[in-house]
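Structure first, commentary second.
Per chain, numbering begins at 1; letters A, B, ... match sequence-line order. Below, all heavy atoms of this structure are taken into account, side chains as well, without hydrogens, waters or symmetry copies.
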2 protein chains.
Amino acid sequence: MFAQAVTNAALKIDPARLAVTRGLERQASGHLMAITSLQKKNAGETLFAEGDDADSVYEIVQGMVRLYKLMPDGRRLITGFLSAGNLLNLGSDRICIYTAEAITAVTLCRYKRSAFERLIDEVPGLARRLLVMTSHELRAAQDRMLLLGRKSATEKVASFLLLMADRQDSDGDAIEVPMTRSDIADYLGLTIETVSRTLTKLKQDDLIAIPTVTRIEILDRDRLEDLAGGEGDAEI
Amino acid sequence: MFAQAVTNAALKIDPARLAVTRGLERQASGHLMAITSLQKKNAGETLFAEGDDADSVYEIVQGMVRLYKLMPDGRRLITGFLSAGNLLNLGSDRICIYTAEAITAVTLCRYKRSAFERLIDEVPGLARRLLVMTSHELRAAQDRMLLLGRKSATEKVASFLLLMADRQDSDGDAIEVPMTRSDIADYLGLTIETVSRTLTKLKQDDLIAIPTVTRIEILDRDRLEDLAGGEGDAEI
DNA sequence: CGCAAACTTGATGTTGCTCAAGCTAGGTGG
DNA sequence: CCACCTAGCTTGAGCAACATCAAGTTTGCG
């Protein structure tokens with residue numbers, strides 16, 4: 001249950017495989033790699049909590065992370081499930097605006113914020129690259145708002161399944177669902193029970209199969225897309 | 001009912017008053033001003049529609065704009081009410097991802113996208129400036145998700161009132177509400193009737209006063225903040 | 001094998017939606 | 001200047017979707 005932090009050199013991370021450095025000059029990548037340290041977290045561990053000092057920026061290299069916000073009485077909304085290639089904590093200004101927890105075992109690149117921000121000004125193309133990434137997140141956030149504000153329970157669950165399927169560019173429409181039903185509920189603005197009931201109904205209608213709790217197979221994508229309501233969009 | 005487009009020189013917009021150029025070198029501002037044209041829209045006019053070619057980026061100079069997404073059956077979600085200092089269409093990649101309509105008469109700076117993107121690479125500090133603006137939007141979007149997914153009708157309306165009050169850095173907690181009840185409903189993920197009923201109840205409880213339909217006064221900010229539930233945040 | 005956490009299923013309750021009717025205010029034309 | 005007209009707002013009654021409360025069931029781990 002202990003997080004490891006080691007120097008990057010020791011682990012030989014390939015800069016070409018990191019999302020932040022993609023498309024940058026070799027020298028620019030080198031600058032980034034110089035300020036990175038690799039870090040691992042076990043499933044269930046907290047990376048940082050809402051309100052913490054936002055002194056680091058992270059990129060997920062492997063695994064899945066949930067981000068969430070809490071209300072004083074404990075109501076939770078998961079703002080995103082992030083996997084490899086996503087940045088964490090970039091938007092936070094001084095303090096973290098959400099909590100990040102590992103859903104699976106996670107490997108991270110950690111950048112000290114001060115060094116990272118200096119690089120943004122010095123490395124040509126980096127700010128532009130980050131701007132593109134953030135714009136994509138914003139686009140996804142707007143789709144989420146439509147889902148949370150205007151979709152029915154069935155539409156929400158169907159949209160969620162399609163989103164997950166598109167993200168795992170998996171051939172055969174089989175989705176790995178490492179998050180709990182509770183996570184899904186808090187991601188969709190529903191209760192656990194409603195998520196469970198809706199999945200059962202989709203199964204009964206032969207739209208999906210649920211061989212194990214953590215695996216869902218899409219049997220009839222067309223009808224699922226109809227149920228999902230709006231745009232068949234995917235992102236983040 | 002006709003939008004006007006004139007050269008910028010003719011109207012002598014002060015670059016220091018534009019949000020995009022704030023903090024940039026004088027020369028950089030000059031580059032931006034060179035590709036800008038000023039444009040006006042009357043209340044109710046559409047700036048661009050979801051699905052349109054995203055060939056321009058706009059900054060709002062004056063007035064208020066609503067952004068929304070529609071579902072095929074007509075359900076609408078307003079993703080934001082934008083006023084002076086906000087950028088429009090920056091995140092859109094090739095096509096507009098939302099519709100923008102003028103709520104009041106609006107003055108805009110219009111940048112051709114191709115020229116704007118070229119400047120992002122050429123003008124030092126611009127990408128960084130845009131990154132900060134986009135990050136703020138993302139932060140606001142996450143607060144909205146919590147509101148849409150987890151707050152009750154009363155909490156939503158109370159949050160909305162506080163948000164509007166904070167945005168109009170108005171002294172006396174009197175809010176100008178240029179948008180219709182229908183706009184507010186589609187912003188909060190509610191129906192017109194629920195918004196109206198909730199406002200009436202807040203009025204009966206002496207938390208607010210509604211001298212005219214487009215004006216709401218906050219009488220008891222403390223209790224309203226209690227009702228609003230989570231964080232007393234404001235942004236965008 | 002046993003235990004706890006996660007999930008499913010059922011019965012009941014409440015919030016906010018739908019449908020329907022009346023009201024208000026601002027703008028237009030006589 | 002006033003009366004009308006319409007778009008927008010308010011209010012009410014009934015209802016549906018989803019939440020809540022409460023058992024059971026499955027799963028995976030020690």
Side-chain angles (χ1 to χ4, degrees), chain A residues 1 42-44 66 71 73-78 101 103-105 147-160 176-205 208-216 227 229, chain B residues 1 42-44 66 71 73-78 101 103-104 147-160 177-205 208-216 227 229:
Chain A
M1 277 305 251
N42 293 313
R66 68 177 154 248
M71 292 180 64
D73 62 0
R75 276 174 285 175
R76 184 178 74 153
L77 189 103
I78 294 193
E101 282 175 6
I103 291 180
T104 64
L147 177 143
L148 290 168
R150 284 291 178 234
K151 288 193 181 181
S152 70
T154 308
E155 290 170 330
K156 285 178 176 180
V157 172
S159 301
F160 171 76
E176 284 308 320
V177 188
M179 64 288 278
T180 66
R181 299 289 187 264
S182 174
D183 284 341
I184 299 174
D186 286 346
Y187 182 77
L188 298 176
L190 297 171
T191 58
I192 301 183
E193 294 93 329
T194 300
V195 170
S196 183
R197 271 186 254 272
T198 307
L199 286 173
T200 302
K201 197 165 133 287
L202 292 178
K203 187 173 67 177
Q204 286 167 349
D205 294 351
I208 60 172
I210 313 182
T212 78
V213 180
T214 58
R215 188 178 177 84
I216 298 178
L227 274 189
Chain B
M1 274 305 255
N42 293 312
R66 68 178 153 247
M71 292 181 63
D73 62 359
R75 276 174 285 175
R76 184 178 73 154
L77 188 103
I78 294 192
E101 283 175 5
I103 291 179
T104 64
L147 178 143
L148 289 169
R150 284 291 179 235
K151 289 194 180 180
S152 71
T154 308
E155 289 170 331
K156 286 178 175 180
V157 172
S159 302
F160 171 76
V177 187
M179 64 288 278
T180 65
R181 298 290 186 264
S182 173
D183 284 341
I184 299 174
D186 287 345
Y187 182 77
L188 297 176
L190 297 171
T191 57
I192 302 182
E193 294 93 330
T194 301
V195 170
S196 183
R197 271 186 255 271
T198 307
L199 285 173
T200 302
K201 195 165 134 289
L202 293 177
K203 186 174 67 178
Q204 285 167 350
D205 294 350
I208 61 172
I210 312 182
T212 77
V213 180
T214 58
R215 189 178 176 85
I216 298 178
L227 274 189

Measure CD/Q204(A) against P/dT9(C) and give the value in whole Å, please.
7 Å
Distance check needed: dT15(C) C1' versus E155(B) CD, whole Å only.
12 Å
Give, for atom CD1 of I78(B) and atom CE of M179(B), the distance between the pair rounded to the nearest 0.5 Å.
8.0 Å
What does S152(A) touch in the nucleic acid at a heavy-atom separation under 4.0 angstrom: a base, only the sugar-phosphate, or nothing?
sugar-phosphate
Result for 5'-nearest mapping on DNA chain C, choosing between R150(A) and K203(A), is K203(A)
Please compare E193(A) and I210(B) by the position of their nearest nucleotide in DNA chain D and report the one closer to 5'.
I210(B)
Can you tell me how far the CD1 atom of I184(B) sits from the OG1 atom of T198(B), to the nearest 0.5 Å?
11.0 Å
What's the shortest heavy-atom distance between L148(A) and Y187(A), and which atoms?
CD2-O, 3.8 Å
Looking at T180(A), I'd like to know whether one of its side-chain N or O atoms comes within less than 4.0 Å of OP1 or OP2 on dA6(C).
no
Polar pair under 3.5 Å, donor/acceptor by atom type, side chain R197(B), base dT18(C)
yes
Nearest heavy atoms of R66(B) and D183(B), plus distance in Å:
NH1-OD2, 2.7 Å
Regarding dT24(C), can its base be found pairing with the side chain of R181(B) as donor and acceptor, where the two atoms are less than 3.5 Å apart?
no
Please determine if a side-chain N or O atom of T200(A) lies less than 4.0 Å away from the OP1 or OP2 oxygen of dT9(C).
yes
Between P on dA19(D) and CG on L188(A), what's the gap in Å once rounded to a whole number?
11 Å
Could you state the atom-to-atom distance from CG of L148(B) to P of dT15(C) in whole Å?
20 Å
Is L199(B) touching bases, backbone alone, or none of the nucleic acid, heavy atoms closer than 4.0 Å?
nothing
Tell me the interatomic distance from K151(A), atom NZ, to dA17(D), atom P, rounded to whole angstroms.
18 Å
Find the distance I192(B):CD1 to dG12(D):P and express it as a whole number of Å.
18 Å
Value in whole Å for how far the P atom of dT10(D) lies from CG of L202(B)
12 Å
Under 4.0 Å from OP1 or OP2 of dG16(C): is there any side-chain N or O of T194(B) that close?
no
Checking the side chain of R150(A) only, and the main-chain atoms of L77(B) only, is there a donor and an acceptor separated by less than 3.5 Å?
no
In whole angstroms, the gap separating P of dA25(C) from CZ of R215(B) amounts to 16 Å
Indicate whether OP1 or OP2 belonging to dC7(C) is found under 4.0 Å from a side-chain N or O atom of S196(A).
no
